[in-house]
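Along the sequence shown, the residues carry numbers beginning at 1. Start at 1 and go down the list; that is how both ligands and their atoms are numbered.
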Amino acid sequence: MEESRIAQPIGTALDRFIKSNQDQFAFASGELSQLLRDIALASKVVNREVNKAGLIDIMGAMGSMNMGGDQQQKLDVLANIRFSRALMKGGEACALISEESESYLDLNNHGSYVIAIDPLDGSSNIDVNVSIGTIFSIYRRKSPPGTPIQQQDILQKGSEQVAAGYILYGSSTMLVYTTGYGVNGFTYEPTLGEYFLSHPNLRQPINGKIFSVNEGSYKSFSQSVRNYLHHCKDEGYTGRYIGSLVADFHRNLLKGGIYIYPSTAKDPNGKLRLMYECNALAFVAEQAGGKASDGKNRVLDIQPTSLHQRTPFYVGSRNMVEEAEKF
Ligand code: AHG
Ligand code: MN
Ligand code: MN
């Protein structure tokens with residue numbers, strides 16, 4: 001009997017994949033690999049908590065607000081603790097920018113990397129059992145390790161990311177990341193406690209038929225955004241909106257589509273944050289053949305001036321984003 005018929009191969013584990021692709025990292029390769037492993041480990045812990053939500057007391061609001069003025073959920077805070085602890089212990093990161101902290105957190109001053117993270121994306125979906133995520137960006141610090149952290153270490157453009165990705169806690173849990181050499185997706189195997197390569201070299205379809213936007217805000221969109229939405233409907237596109245950026249992005253990455261969070265009358269820069277939401281997904285999108293724009297300019301070229309800065313966001317299939325820009 002053929003061996004593979006009695007024992008299906010389980011594929012490449014994340015750890016092995018990272019190791020065998022170390023030469024793709026520009027700098028001290030072992031450090032970046034360790035960082036990715038730290039993030040993967042923290043995500044397994046968060047995944048465990050997410051799966052138990054409802055059984056243990058982690059649903060609902062903390063009763064506090066974060067920097068963006070959003071109600072902090074218990075799971076936001078818990079995920080923030082899990083990721084910052086893992087990164088602190090790992091020692092490779094010198095600073096952590098997080099949605100949940102007003103200023104950046106000092107980690108190991110001798111570390112060479114700066115991390116930006118949305119520890120829990122889609123908080124409003126936690127209590128209703130809908131997919132949520134984590135988003136991360138990794139930068140190389142500019143000042144020499146061991147010296148005080150400078151503004152130029154923290155406020156880097158998205159184009160300077162050395163790695164970025166997200167974890168999607170969905171019907172299965174996935175980790176998708178890029179180091180600038182394409183995009184690879186890994187699916188978590190809970191009984192083995194490991195991520196396995198399931199989506200090698202992900203490519204986003206150039207064209208798509210899905211548009212994802214919160215149409216409830218229609219009245220506060222500009223006329224040009226409204227016109228584009230009319231166009232989507234005239235073309236018979238499918239409307240899909242989960243309200244968890246990671247989940248909406250991931251679906252459109254696989255199937256082809258566009259995600260839009262435009263400026264609104266209330267928020268001229270939209271809602272999403274450049275440093276720990278948009279940049280990472282923009283990097284992944286571009287690496288998969290897609291595109292990310294603020295409506296006019298490439299998201300990765302925006303010079304951040306503050307940690308919690310917002311930007312309008314159009315991301316997804318290349319032709320769809322270009323078409324939206326024309327409006
Ligand atoms: P977060 O939970 O990290 O605050 O992010 C929520 C974001 C994003 O995930 C989602 O796409 C968007 O908010 C939804 O906003 P609306 O409810 O305004 O559509
Ligand atoms: Mn978010
Ligand atoms: Mn969040």
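- Counting only heavy atoms of the protein, atom 4 (O) of ligand 1 lies nearest to E99 OE2, 3.2 Å.
- Of all the atoms in ligand 1, the ones that sit under 4.0 Å from a non-hydrogen atom of L245 are 8 (C), 9 (O), 10 (C), 11 (O).
- Note on ring orientation: taking the six-membered ring where Trp is involved, the planes of F327 and H231 are tilted (angle from 30° to 60°).
- Judged by a 6.0 Å distance limit and a 45° cone about the ring axis, R140 is positioned over the six-membered ring of Y113.
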Please list every donor-acceptor pair under 3.5 Å in which a side-chain atom of residues 245-254 meets a protein atom from a residue at least two apart or in another chain.
from : atom 1 : to   : atom 2 : distance (Å)
D248 : OD1    : I242 : N      : 2.8
D248 : OD1    : R251 : NH1    : 3.2
D248 : OD1    : R251 : NH2    : 3.1
D248 : OD2    : I242 : N      : 3.1
D248 : OD2    : G243 : N      : 3.0
H250 : ND1    : Y166 : OH     : 2.7
R251 : NH2    : S212 : OG     : 2.8
R251 : NH2    : R240 : O      : 3.4
N252 : ND2    : S212 : OG     : 3.1
N252 : ND2    : I258 : O      : 3.3

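- Nearest protein neighbour of atom 1 (P) of ligand 1, counting heavy atoms only, is G122 N, 3.7 Å.
- Near D118, meaning under 4.0 Å from any of its heavy atoms, are these atoms of ligand 1: 3 (O).
- The N/O atoms of Y259, backbone and side chain alike, include one that comes under 3.5 Å of an N/O atom in ligand 1.
- A donor-acceptor contact closer than 3.5 angstrom is absent between the side chains of Y195 and T173.
- Proximity to S123 (heavy-atom distance under 4.0 Å) selects the following atoms of ligand 1: 1 (P), 2 (O).
- The number of heavy-atom neighbours closer than 6.0 Å to NZ of K233, taken from other residues, nucleotides and ligands shown, is above 12.
- Checking E189 against T191 by side-chain atom types alone, a donor-acceptor pair falls below 3.5 Å.
- Note on L281: it clusters hydrophobically with Y241, by side-chain heavy-atom contacts below 4.5 Å among ILVMFWY residues.
- For the Mn ion (ligand 2), the count of nearby protein N, O or S atoms, meaning those under 2.8 Å away, is 3.
- At the shortest separation from atom 10 (C) of ligand 1 among protein heavy atoms lies G243 O, 3.3 Å.
- When only interatomic distances are considered, the shortest N/O to N/O separation between L272 and ligand 1 does not fall below 3.5 Å.
- Ligand 1 has no N or O atom lying under 3.5 Å from any N or O atom of S124, backbone or side chain.
- Using modelled atom types and a 3.5 Å distance limit, the side chains of N125 and S244 yield a donor-acceptor pair.
- Distances below 4.0 Å separate heavy atoms of E277 from the following atoms of ligand 1: 3 (O), 5 (O).
- With no hydrogens or angles considered, no side-chain donor-acceptor pair links R226 and Y218 at under 3.5 Å.
- Both the backbone and the side chain of D121 come within 4.0 Å of ligand 1, judged by heavy-atom distances.
- You'll find the ring centres of Y259 and Y314 outside the 6.0 Å limit.
- Using 4.0 Å as the threshold, Q73 has no heavy atom nearer than that to any atom of ligand 1.
- When only modelled atom types and interatomic distance are considered, S123 and D76 share a side-chain donor-acceptor pair under 3.5 Å.
- Backbone and side-chain nitrogen or oxygen atoms of K271 are examined, and one is located within less than 3.5 angstrom of a nitrogen or oxygen of ligand 1.
- By the rule that hydrophobic residues join a cluster once side-chain heavy atoms approach within less than 4.5 Å of another member, M88 and L78 end up as members of one cluster.
- Here is the list of ligand 1 atoms found below 4.0 Å of a heavy atom in L120: 2 (O), 3 (O).
- The protein heavy atom nearest to atom 19 (O) of ligand 1 is Y241 OH, 2.6 Å.
- Heavy atoms from other residues, nucleotides or ligands lying under 6.0 Å from CG of D106 number more than 12.
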